[in-house]
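Here's the structure, in structure tokens; my notes come after.
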Amino acid sequence: MSISDRLRTTFETSTVLAARQIVGQLLVRIDEDGCRRSGRIVETEAYTQSDPSSHSYRGPGERNAQMFGTPGTAYVYLIYGVHHCLNITTAPAGTGEAVLIRALEPLDGLHAMMQARSVTDIEALCNGPGKLCQALGIDRTFNGTDLLDSKSPLRIEPERYHPPQRIDSTLRIGLSIPQREHLRFVDGKSRFLSRKRVPESAVTQVDRRR
DNA sequence: CGTTGGATTGGCT
DNA sequence: GCCAATCCAACGC
């Protein structure tokens with residue numbers, strides 16, 4: 001069994017475990033010019049089918065169909081009519097779950113990313129779900145791409161997995177429904193996260209538990 | 001068929 | 001901190 005097969009099995013088995021396992025993985029994009037852009041994933045969020053905040057909560061539709069597809073494929077959607085967001089599908093086909101990729105530590109193709117983003121600050125290149133899609137040139141044409149196929153123009157290279165020293169979990173970001181569980185996972189040592197601190201609501205949640 | 005609002009971002013007060 | 005940008009699926013009538 002290959003390393004990609006094992007990772008796909010993890011994706012299929014548990015969305016929350018997948019979200020943790022994806023932190024530290026290398027995301028690679030080979031663009032139209034054959035130029036390689038890549039970054040180490042440092043921030044993820046888990047979205048399960050039973051979660052009212054998930055696009056899949058009310059069952060499959062036109063936008064979210066890919067969430068119900070094969071684990072390890074890309075679910076890309078447009079938000080606010082402006083930005084794209086990249087997810088990795090998880091859970092068995094037929095179950096609508098996915099992991100949102102929220103930030104990367106930029107590695108290869110810095111110049112191309114800076115050009116795509118009109119930004120030179122490396123910390124500001126991929127520190128948000130919309131930003132990383134802009135930096136890597138990811139749009140809805142990648143919906144359904146198999147991210148665990150080594151020939152895909154957008155892929156994970158699991159042989160380059162660089163595990164974080166520490167994974168922290170917090171409440172997810174930007175949701176209108178109140179959150180209870182910590183389903184956002186970050187490399188606690190990374191300088192490339194979308195937020196510098198834990199969201200304030202997470203602190204409230206911890207205090208209320210006592 | 002019209003309305004609503006969103007897993008965001010960047011620019012301005 | 002506030003808000004516009006700009007698309008479109010979901011929902012209500």
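Below, chain A is the first sequence line, B the second, and so on; all start at residue 1.
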Atom OH of A:Y57 to atom P of B:dA7: distance rounded to whole Å?
15 Å

Would you say the side-chain atoms of [X] pair up with the backbone N or O of [Y], donor to acceptor, closer than 3.5 Å?
{"X": "A:T145", "Y": "A:L147", "answer": "no"}
{"X": "A:N143", "Y": "A:V76", "answer": "yes"}
{"X": "A:T73", "Y": "A:T70", "answer": "yes"}
{"X": "A:S38", "Y": "A:D108", "answer": "yes"}
{"X": "A:E43", "Y": "A:D187", "answer": "no"}
{"X": "A:T44", "Y": "A:A19", "answer": "yes"}

Between C:dT6 and B:dG2, how far is it from one P atom to the other, in whole Å?
22 Å

Distance between the P atoms of C:dA4 and B:dT4, in whole angstroms?
16 Å

Heavy-atom count around A:R36 CZ within 6.0 Å, excluding the residue itself: above 12?
yes

A:R155, A:K151, A:R8 screened by side-chain hydrogen bond (donor to acceptor under 3.5 Å, both in side chains) with A:D146, the one that passes
A:R8

Enumerate the protein-to-nucleotides 2-6 of chain B contacts in which both atoms are nitrogen or oxygen and the separation is below 3.5 Å.
none

Mind checking A:N87 for me? I need base, sugar-phosphate or nothing, with any heavy atom below 4.0 Å counting as a touch.
base

Students should find that the nucleotides of DNA chain C closing off the region near chain A, any atom under 4.0 angstrom from a heavy atom, are C:dA5 to C:dC11

Dot-bracket for DNA chain B, 5' to 3', Watson-Crick and G-U pairs with both distances under 3.5 Å, [ ] for crossing pairs, | for partner on another strand, reads ||||||.|||||.

On the ring face of A:Y47, is A:R172 found with NZ or CZ under 6.0 Å from the centre and within 45° of the axis?
yes

